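The next block holds one structure in the form of structure tokens; read it before the comments.
When a ligand or atom number is given, it counts from 1 through the structure's own listing order. What you are looking at is a predicted structure, and each value in this text was computed from that prediction instead of being measured.
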Amino acid sequence: MEVASHIQEIRTRAAAARHVGRSIGFVPTMGALHAGHTSLIDASRKDGRFTVVSIFVNPTQFAPGEDFAGYPRTTEADLNICREHGVDLVFTPSADELYPPGDQTRVRVGPLAETLCGPFRPGHFEGVCTVVARLFHIVQPDVAYFGQKDAQQAVIIRRMVRDLCMPLTIDVRPIVREPDGLAMSSRNAYLSPDERRQAAGVYAALCAGRDLIRAGERRAGKIVTEMRRVLARAGPCTVDYLSVVDPETLTDKTEATAPVMLAAAVRIGKTRLIDNLIVNEG
Ligand code: AMP
């Protein structure tokens with residue numbers, strides 16, 4: 001496994017792999033790697049691709065007052081995990097490498113960034129798309145792997161790739177969960193033991209919504225009320241949103257006809273958790 005911090009090294013290594021006929025699979029991350037990340041790495045490897053992982057805590061996707069400074073940075077452990085999972089090349093750029101002095105160009109996102117997390121995280125998706133576009137131009141992957149965990153991000157990146165004619169495929173993989181259903185996340189490390197127990201309530205709430213739909217309920221209002229009830233039973237928290245949305249447009253649905261996405265963003269203590277469930281039946 002090679003590790004490089006400079007754009008030119010990554011270009012050279014990726015070009016060499018391409019030259020010998022390898023397809024390039026890319027997994028962009030912010031590090032603090034867990035089984036959600038390794039599921040994406042494993043997918044790329046299983047697809048037979050020369051697998052590139054980036055580890056970069058991207059400053060432009062954190063809104064003022066968010067956890068940029070405190071975000072877990074565990075590079076040595078991350079590199080070991082990459083090695084164990086057969087990654088070929090790891091990109092660990094500095095902020096100056098990706099945002100050179102004088103940098104002023106950004107990818108502006110449309111209405112897809114105005115729903116769900118958008119209003120709560122101003123500038124977030126612009127920061128995500130800007131860094132992902134730069135990374136795509138550096139690595140030039142054939143396929144980039146993303147997690148359904150960040151459902152809005154996946155939809156927005158798919159749209160960016162289409163709208164900006166980027167020559168690659170986006171492969172979105174299922175959410176990896178802890179045994180009690182909590183979606184794996186680097187931010188779960190912030191949770192105290194009590195908060196960690198409570199956090200399982202987010203998935204329980206989504207499952208309750210799904211079960212209502214399966215039982216024939218179609219009124220989104222009723223489904224949201226039930227999800228809120230189950231979440232509140234787990235303990236006190238602040239709900240940014242608990243929504244019934246269209247999985248493609250991310251707009252609210254008043255009628256929960258399939259396919260539908262149940263989406264949650266919840267603050268437990270200081271930790272903001274997101275999760276979602278797609279319901280295809282009903
Ligand atoms: P992050 O390091 O949080 O930026 O995440 C990097 C990639 O891993 C993104 O595509 C995420 O959607 C994905 N990811 C994070 N957590 C999970 C999870 N629990 N299951 C599947 N993919 C995940």
Side-chain angles (χ1 to χ4, degrees), residues 25-47 51-63 66-68 70-75 77-79 81-82 85 87 90-93 95 98 116-117 121 124-136 139 141 143-161 168-191 196 199-200 202-203 206 247 250 261 263-266 271-278:
F26 179 43
V27 181
T29 83
M30 298 209 300
L33 300 184
H34 51 67
H37 299 112
T38 57
S39 73
L40 305 178
I41 293 170
D42 295 345
S44 171
R45 294 266 300 141
K46 196 155 169 271
D47 290 345
T51 300
V52 184
V53 171
S54 63
I55 299 174
F56 180 63
V57 183
N58 174 35
T60 65
Q61 72 186 70
F62 289 79
E66 288 189 351
D67 55 342
F68 174 66
Y71 196 84
R73 288 164 171 85
T74 58
T75 309
D78 292 345
L79 293 178
I81 289 170
C82 286
H85 284 264
V87 171
V90 183
F91 185 31
T92 54
L98 284 186
L116 300 177
C117 286
R121 305 195 69 189
H124 171 68
F125 291 110
E126 177 170 309
V128 168
C129 284
T130 298
V131 80
V132 168
R134 288 176 192 204
L135 290 167
F136 283 175
V139 176
V143 180
Y145 295 84
F146 287 85
Q148 176 62 23
K149 160 82 173 16
D150 299 275
Q152 187 172 15
Q153 169 176 282
V155 170
I156 287 173
I157 285 174
R158 269 218 172 102
R159 179 61 65 97
M160 172 181 77
V161 163
L168 75 153
T169 303
I170 301 299
D171 190 340
V172 179
R173 296 286 171 145
I175 301 176
V176 178
R177 299 181 179 281
E178 300 284 359
D180 65 358
L182 175 65
M184 289 200 182
S185 165
S186 307
R187 290 192 167 94
N188 292 350
Y190 299 152
L191 297 166
R196 171 63 191 80
V202 178
Y203 183 59
L206 296 175
L250 307 179
M261 184 166 83
V266 173
T271 310
R272 186 174 189 274
L273 301 173
I274 58 170
D275 199 353
N276 66 87
L277 204 55
I278 293 199

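- The proximity of L40 to ligand 1, defined as any non-hydrogen pair under 4.0 Å, is limited to the side chain.
- A salt bridge does not link R272 with D67: none of the charged nitrogens is closer than 4.0 Å to a carboxylate oxygen.
- Every atom of ligand 1 with a heavy atom of I175 under 4.0 Å away is listed here by number and element: 20 (N), 21 (C).
- Salt-bridge annotation for K46 and D171: absent, with no side-chain N of the basic residue lying under 4.0 Å from a carboxylate O of the acidic one.
- No N or O atom of P28 sits closer than 3.5 Å to an N or O atom of ligand 1.
- Heavy-atom minimum distance, D180 versus L182: OD1-N, 3.2 Å.
- Side-chain atoms of T51 and H85, non-hydrogen and from C-beta on, never get closer than 4.5 Å to each other.
- The protein non-hydrogen atom at the shortest distance from atom 15 (C) of ligand 1 is H34 CE1, 3.9 Å.
- In this structure, L116 and A263 approach most closely via the heavy-atom pair CD2-CB, 4.2 Å.
- Residue contact check: M184 has heavy atoms under 4.0 Å from atoms 16 (N), 17 (C), 18 (C), 19 (N) of ligand 1.
- In terms of protein heavy atoms, atom 22 (N) of ligand 1 is closest to G147 CA, 3.4 Å.
- The closest protein non-hydrogen atom to atom 21 (C) of ligand 1 is P174 O, 3.4 Å.
- Residue C82 comes nearest to I41 through the heavy atom pair SG-CD1, 4.5 Å, listed as atom of the first residue, atom of the second, then distance.
- For atom 20 (N) of ligand 1, the nearest protein heavy atom (residue, atom name, distance) is V176 N, 2.9 Å.
- A donor-acceptor pair shorter than 3.5 Å cannot be found between the side chains of T38 and D42.
- Heavy-atom contacts of T29 reach the following atoms of ligand 1: 2 (O), 6 (C) (cutoff under 4.0 Å).
- Of the listed residues (Q152, E66, Q61), just one forms a side chain to side chain donor-acceptor pair (under 3.5 Å) with R121, and that residue is E66.
- Taking the side chain as every heavy atom from C-beta outward, L273 and Y203 never approach each other to under 4.5 Å.
- For atom 17 (C) of ligand 1, the closest non-hydrogen atom on the protein side is K149 CB, 3.7 Å.
- Some N or O of D150 is nearer than 3.5 Å to an N or O of ligand 1, by distance alone.
- Note: I55 CD1 to D78 CG = 4.5 Å, rounded to the nearest 0.5 Å.
- The distance criterion of under 3.5 Å between nitrogen or oxygen atoms is not met by S185 with respect to ligand 1.
- Scanning the protein for heavy atoms near atom 1 (P) of ligand 1, the closest one is H37 NE2, 3.7 Å.
- Atom 9 (C) of ligand 1 has its nearest heavy-atom neighbour, among M30, R187, Q153, in Q153.
- An N or O contact shorter than 3.5 Å is missing between F146 and ligand 1 by distance.
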